[in-house]
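Below, chain A is the first sequence line, B the second, and so on; all start at residue 1. All of these numbers come straight from a predicted model, not from anything done at the bench. These numbers come from the heavy atoms of this one structure, side chains and all, not from hydrogens, waters or symmetry mates.
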There are 2 protein chains.
Amino acid sequence: MRPIIIGFGLLILCLLVLFKIAEVNFMQGNIRLEIVVAVAAIIFFFVGLYFNQRNNQKQETIPPVSNHSTDIPDQEQIKKLGLTAREHEVLVKMAAGCSNQEIAAQLFLSESTIKTHVSNILFKLDVKRRTQAIQAARQLKIVL
Amino acid sequence: MRPIIIGFGLLILCLLVLFKIAEVNFMQGNIRLEIVVAVAAIIFFFVGLYFNQRNNQKQETIPPVSNHSTDIPDQEQIKKLGLTAREHEVLVKMAAGCSNQEIAAQLFLSESTIKTHVSNILFKLDVKRRTQAIQAARQLKIVL
DNA sequence: AGTGTTTTCATCCTTTAGTATGAATACTTT
DNA sequence: AAAGTATTCATACTAAAGGATGAAAACACT
């Protein structure tokens, strides 16, 4: 994270310096308005390119590949997260693509109960949606 | 094709007009150099974003043949299912746990469009929910 | 018996997902 | 240039998911 901040800092600094140079030269009548604007346009065109590229690359890093060496057993991760037995059970069925209603039917519980469990699961996994929970659980090896 | 040309023509025209207005006002001392440069920077930042987006979309449809023997790719499965390039793109983000809104933002599309794509994906994968789609896609090696 | 956790369920409410339909534009292929 | 496919977007609707809160019952442990 730090390199990014430093990089951006340097970039902004360079841009400010460039702008100042341009300003001074412009005031002295050395260069014309068109040139200044054109340079700014070109620079920020590429900044736009870079930003978009970054954005696209980020999404590809979201699902990181699992490593076999640090294969942490389920139970440890589950304990770390504080997941109860029932919650784990629900989580597995969630990952299998079941709806709350289906999970309730399979476990002979009410949908309300499942919703409560799901809410707790989301909280403990620190995610917002069940699809993210599935992702997280897969990365943590607590579901297949 | 014509609308694109017309669109670009209009865009360039607008930019020229804007620039001329800025130039005149600038010479009269109504606005400052910073403002002109800033506006140009912002505009071309987004132009850069747009260009890169365009570019990426084209590139993904061009190189379909690159199978790493065992791993990820699965062009065949995608073809079998009749998934389009865009649908596959959406499917990947779905599997990453993104909401429709997030996918829309990342691809610079409206949520309506994403919903349409998701619906088509669900139909083509013969499932009812996005969580099932993720499961199915994983089994078919369409996503990691 | 008392304490703390787990499991269960409910209700009200808001947000997100998903369906159906129609339509305009863009891209590809012939 | 025409035709088929793909992409985009909108609106209106229904279904599912999720948040917040409260609460009863079961269970383990001391």
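- Listed for the Gln132(A) side chain is a donor-acceptor partner under 3.5 Å among the backbone atoms of Lys128(A).
- Taking only side-chain nitrogens and oxygens, Ser119(A) comes nearer than 4.0 Å to OP1 or OP2 of dG19(D).
- Between the C1' atom of dT21(C) and the CZ atom of Phe123(B) lies a distance of 15 Å, rounded to the nearest Å.
- Following rounding to the nearest Å, Leu91(A) (CG) and dT7(C) (P) show an atom-to-atom distance of 14 Å.
- Computed from coordinates, the Met94(B) CE to dG18(C) C1' distance equals 11 Å when rounded to whole Å.
- Comparing dA10(D), dA17(C), dG18(D) against the side chain of Ser110(B) picks out dA10(D) as the nearest.
- Not one N or O on the side chain of Gln106(A) forms a donor-acceptor pair closer than 3.5 Å with the backbone of Ile103(A).
- Atom CZ in Arg130(B) sits roughly 14 Å away from atom C1' in dA15(D) (whole-Å rounding).
- For Thr84(A), taking side-chain heavy atoms from C-beta onward, the closest of the listed nucleotides dT6(C), dG18(D), dA10(C) is dT6(C).
- We find that CD of Glu102(B) is positioned 13 Å from C1' of dT15(C), with the value rounded to whole Å.
- The side chain of Arg129(B) approaches dA16(D) more closely than any other nucleotide in the set dT7(C), dA16(D), dT11(C).
- In this structure, the CG atom of Leu109(A) is 17 Å from the P atom of dA25(D), given to the nearest Å.
- A donor-acceptor pair under 3.5 Å is formed between the side chain of His88(A) and the backbone N or O of Ile142(A).
- Distances were taken from every side-chain heavy atom of Lys115(A) (C-beta onward) to each of dG18(C), dA10(D), dA17(D); the shortest belongs to dA17(D).
- A side-chain donor-acceptor contact under 3.5 Å links Ser110(B) and Thr113(B).
- Using a 4.0 Å cut-off, some side-chain N or O of His117(A) falls inside it from OP1 or OP2 of dT8(C).
- For the pair Gln139(A) (side chain) and Ala136(A) (backbone), a donor-acceptor distance under 3.5 Å is absent.
- Gln28(B) contributes no side-chain N or O that, together with a main-chain N or O of Asn25(B), makes up a donor-acceptor pair within less than 3.5 Å.
- Distances from the side chain of Thr116(B) to the nucleotides dA10(C), dG18(C), dA10(D) place dA10(D) closest.
- Distance Gln132(A) CD to dT16(C) P: 12 Å, rounded to the nearest Å.
- Side-chain atoms of Thr113(A) lie closest to dT8(C) of the nucleotides dG18(C), dT8(C), dT8(D).
- For the pair Thr131(B) and Lys124(B), both in contact range of DNA chain D, the more 5′-proximal nearest nucleotide belongs to Lys124(B).
- Between the P atom of dT5(C) and the CG atom of Asn120(A) lies a distance of 14 Å, rounded to the nearest Å.
- Taking only side-chain atoms of Asn100(A), from C-beta outward, the nucleotide of dC9(D), dA17(D), dT11(C) with the closest atom is dA17(D).
- Considering only side-chain atoms of Arg86(A), the nucleotide from dA17(C), dA17(D), dT7(C) that sits closest is dT7(C).
- Residue-level contact check: Ser99(B) touches the backbone only, with heavy atoms under 4.0 Å from sugar-phosphate atoms and none from bases.
- When distances run from any side-chain atom of Gln101(B) to the nucleotides dC9(C), dT16(C), dG18(C), the shortest one goes to dT16(C).
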